[in-house]
Trainee: 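Mind having a look at this structure? Questions to follow.
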Amino acid sequence: MDSSIFLFILPYFFACTLAATSPTILLNSSEPTSWLNNNSIDMNVNSTDGSKVRAILSRTRSLGFVSGFYCTGNCTSYYFGIAVVGGGNPAMVWSANPDNPVTENANLTLTREGGLVLQNLDGSTVWSTGTAGISVAGMNLTELGNLVLFNETGAVVWQSFDYPTDTLLAGQRLYEDQRLVSGLYYATVTISGLTAFTLVGNGTGSQMYYQLKPEPNTTDQSSQRGRCPIITQIEVNNSDNAELQTRGFLENMGSNRSKLPLDLSVEYVRLNSDGSLKLYRHEPATRANETVDMVTKDLGVCQHPRQCGDFGFCNEGRCGCPKGVKGFKWKNDRCSRTTQLCQAPSDKADLVEMKNVSYFNFIDPNAAASNITDLESCKEACRNNCSCEAAFYRYDKNNQSNGLCYIPSKVLSVREGEIPNYNFTSTAYIKVEKPAPKNQNRLIEIIAGSGSAVLLIFCLSILIFWKKFSKTITEDVEEYMRQVPGMPVMFTHEQLRVATRDFKERLGSGGFGSVFKGVLPDGTEIAVKRLYKVGHAVREFVAEVETIGSIHHFNLVRLVGFSADKYCLLVYEYMSNGSLDQWIFHRDQKHFLDWETRKKIIHQIAKGLAYLHEECRQRIIHLDIKPQNILLDANFNAKISDFGLSKLVDRDNSQVQITLRGTPGYIAPECGHSNITIKVDIYSFGIVLLEIITGRRNLDGTRSESSKHLLSLMQKKAREDQLLDIVENLNEEMPENREEMLRMIRIAAWCLQNNPTKRPLMSTVVKVLEGVMEVDPSISYDFIHAMGSASVGSGNVSGTAQASVLSNPMQASVLSNPR
């Protein structure tokens, strides 16, 4: 960054007062300067939203910046940062700890060798400037709202302007490798302009929804035609670097700018949690003024990517499903598909044309499907892509023969009508399933109208009352049931008997049945689970079809089909490397997994659980996460299996009432109660994560008394600060991966916290594994369930049964064990 901005940071600061509300604080000795977050530093501000500011540095009279602790509402949590005071309610424009608020009596310390360090009441470090070992002479809050640490010569050693959060102040620069981040959105600057994106695919991808391109500076405001402020200072230093200088950006606000000079007002750009990118202005003795929402003013409300939810169609701010298109339902103010497309081959799919609609990321040329410029190729590409839900074909209004094909990885809100100020139009081609033949009888129409829920009940009825129904089910009904949209393939018993060579090659067995290997006529390898008893097995069969039959994710084992005309048969994709327990508990070289493979498996399990918990229409609690239920394909990709105990939870419910379920050793301690949440899966994941890292079973009766309980051993080693002692059989990889292993163990401990509310969401775990977030520094290693955890929360598990579990771990299988 150009250091000329900070030429005013000169040694004259040493003449400044040391009062708590001055703009500068000097360190005249090696003694630290500390501030407790309490009412002794409360600043008297007028607010209507309950905001409080506790000032440490202040550069304000009637209007200006304050650095200190900030809260709003009931003020149970606080943020250290920089706020605008005056001109309405206080507004935070930079925060050191936006994702990790502190409590009353948290402590901020400034030292000569450590810089700024923020600690919570319990002494845990929440944030620091990361300047340990760099000499610091003091800190200053500049007139532009920049918090600066400087050395004895006045040179800047750290500044808040280098670490933007969700806001850009006048005079602040945003570089190409920096982002404004807020919820599911981020904005950055490229050589093309200020650009906003929304995250999709569990945060692994993004789609552009707004771009403000630089235009030549001009004093002729009439030429701007009411458009948003023009970026005049995107400076391109070379082909790989661009920056946005915000003062120039804000000074070109056209007719929206008042006549007050900049030094009598405070202006900034903020990316809000709803994705809006807004300009704000504070003026003395007035409320904060939201000047303009750049996205809405420039392109209209329907340009927002989530205005109407996934696949919602937006028309002048009003939302709905695609008009006249079957397979969609409007419910709870959102549009959702009522069919699943990936079960249908391309010849079973239709594309419904909707003219004069547009998708928000048309502005991103990189989003277009590569090398597809003609309409028919675009449509064919969507038909042949199982995950394609819609294709958008954009073409110039004057030339419709060639255009650009867009096939989004995930379809968010779609706009009806053209985007203003753009000389193109577009058509959407929405994928739907072909309608059933018209010559189906009345019974078929009833089944079709009732959907997949009736199919499940019907399937269960076939199983229990086979003899009664066998005379009345016609061949055409069975054929139709095989084609019910969204459901797995319905096989006959004879088809699966042939595929498995009369159930010859057994892959595993359990209490309610066995698993066999098979091959379909097209050469696809399958694993067939045969449940041959009623009662619990029937309930598991229905739960498995209902749960996994309607969801699709790379890290969940795919249910290919089922059969209910003799036995309950579940047909899965074949996982050639079997279950995870076969690979992590063996010390021989044949079954050894290297560190990178273990990390990949952990990441993929986390992503699969995050999908179940947070991305499905109904939350799915698996209730039996363990290594035996994690399967590995030929490339050691991990997939979660066995949904026989799973529970569906409506999104408006946070917990569900159940009887005790799961496998001893992996059951969360709160499962002794009837009401449980998704946090029970997170506890089980923590156990599995520990087992993968350490190569040890969490309960192992073959070991000595002092080491057979893995949690107890980890608790002991945590007190001794020797956590890596619990890792086995990784000596060759230990030196270069030491820090990563410690971090993984801490993630596991976070998932195993006694209080379920202290455990992270799986989406948070994924972000931590990807390095986007850090592990909670306040986690505890004092587990109430460390000793004898097989029986904690497990009802009346007898000592004999527990001993059996410890000495005889469950047998592994290629497709987990049918219980």
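Start at 1 with the first residue, then count along the sequence.
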Trainee: Test of understanding: with ring pair (Phe, Tyr, Trp, His ring centres under 6.0 Å), list the residues that count as partners of Tyr781, not counting sequence neighbours.
Mentor: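 So Tyr781 forms no ring pair (Phe, Tyr, Trp, His ring centres under 6.0 Å) with any residue.
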Trainee: Is there side-chain contact between Asn698 and Leu711, with heavy atoms separated by less than 4.5 Å?
Mentor: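 Not in contact.
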Trainee: Using side-chain heavy atoms (C-beta onward) and a distance below 4.5 Å, is Arg334 in contact with Asp310?
Mentor: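 No, side chains not in contact.
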Trainee: According to side chain to side chain contact (heavy atoms under 4.5 Å, CB included), who are the partners of Ser128, at least two apart in sequence or on a separate chain?
Mentor: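 Once residues adjacent in sequence are excluded, the partners of Ser128 under the side chain to side chain contact (heavy atoms under 4.5 Å, CB included) criterion are Val117.
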Trainee: So Trp35 and Arg54, do their side chains get closer than 4.5 Å, heavy atoms only?
Mentor: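 The answer is no; the side chains never approach within 4.5 Å.
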Trainee: Under the salt bridge (Lys or Arg N to Asp or Glu O under 4.0 Å) test, which residues partner Glu770, sequence neighbours left out?
Mentor: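 Not a single residue meets the salt bridge (Lys or Arg N to Asp or Glu O under 4.0 Å) criterion with Glu770.
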Trainee: Between side-chain atoms of residues 743-751 and protein atoms elsewhere (two or more places apart, or another chain), which donor-acceptor pairs fall under 3.5 Å?
Mentor:
unit_1: Arg743; atom_1: NH1; unit_2: Val768; atom_2: O; d: 3.0
unit_1: Arg743; atom_1: NH2; unit_2: Val768; atom_2: O; d: 2.7
unit_1: Arg743; atom_1: NH2; unit_2: Met773; atom_2: O; d: 3.2
unit_1: Trp750; atom_1: NE1; unit_2: Lys758; atom_2: O; d: 3.1

Trainee: According to ring pair (Phe, Tyr, Trp, His ring centres under 6.0 Å), who are the partners of Tyr185, at least two apart in sequence or on a separate chain?
Mentor: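 By the ring pair (Phe, Tyr, Trp, His ring centres under 6.0 Å) rule, Tyr185 matches Tyr209, His304.
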Trainee: Does Tyr163 have any ring pair (Phe, Tyr, Trp, His ring centres under 6.0 Å) partners at least two apart in sequence or in another chain, and if so, which?
Mentor: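 Tyr163 satisfies ring pair (Phe, Tyr, Trp, His ring centres under 6.0 Å) with Trp158 once adjacent residues are dropped.
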Trainee: For residues 711-723, pull every pair meeting salt bridge (charged side-chain N to carboxylate O under 4.0 Å, His left out), keeping only residues two or more places apart or in separate chains.
Mentor: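 Passing the test, one end in residues 711-723: Lys716-Glu720, Lys717-Glu720, Lys717-Asp725, Arg719-Asp782.
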Trainee: Do you know the tightest heavy-atom contact between Arg759 and Leu752?
Mentor: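 Smallest heavy-atom distance, with atoms named: NE-C, 4.4 Å.
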Trainee: Does Lys767 have any salt bridge (Lys or Arg N to Asp or Glu O under 4.0 Å) partners at least two apart in sequence or in another chain, and if so, which?
Mentor: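 Scan of Lys767 (salt bridge (Lys or Arg N to Asp or Glu O under 4.0 Å), adjacent residues dropped) gives none.
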Trainee: Taking side-chain hydrogen bond (donor to acceptor under 3.5 Å, both in side chains) as the definition, give me every residue that meets it alongside Thr757, ordered by chain and number, with sequence neighbours left out.
Mentor: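 Scan of Thr757 (side-chain hydrogen bond (donor to acceptor under 3.5 Å, both in side chains), adjacent residues dropped) gives Asn755.
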Trainee: Going by side chain to side chain contact (heavy atoms under 4.5 Å, CB included), name the residues that satisfy it together with Ser95, two or more places apart in sequence or in a different chain.
Mentor: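 Per chain and number, Ser95 pairs via side chain to side chain contact (heavy atoms under 4.5 Å, CB included) with Tyr79, Met92, Asn97, Pro98.
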Trainee: Which residues satisfy the side chain to side chain contact (heavy atoms under 4.5 Å, CB included) test with Ser684, sequence neighbours excluded?
Mentor: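 If we apply the side chain to side chain contact (heavy atoms under 4.5 Å, CB included) test to Ser684, skipping adjacent residues, the hits are Ile625, Tyr666.
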Trainee: Can you find a pair of side-chain heavy atoms, one from Leu713 and one from Arg696, that are under 4.5 Å apart?
Mentor: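 Leu713 vs Arg696: side chains touch.
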Trainee: I want to check something: taking the side chain as every heavy atom from C-beta on, are Glu691 and Phe585 in contact at a cut-off of under 4.5 Å?
Mentor: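 Yes, at least one pair of side-chain atoms sits under 4.5 Å.
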Trainee: For Val181, check side chain to side chain contact (heavy atoms under 4.5 Å, CB included) against everything at least two apart and list the hits.
Mentor: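 Per chain and number, Val181 pairs via side chain to side chain contact (heavy atoms under 4.5 Å, CB included) with Arg179, Tyr186.
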Trainee: So do the side chains of Ser182 and Leu271 get within less than 4.5 Å of each other, counting heavy atoms only?
Mentor: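 Touching, per the 4.5 Å side-chain cut-off.
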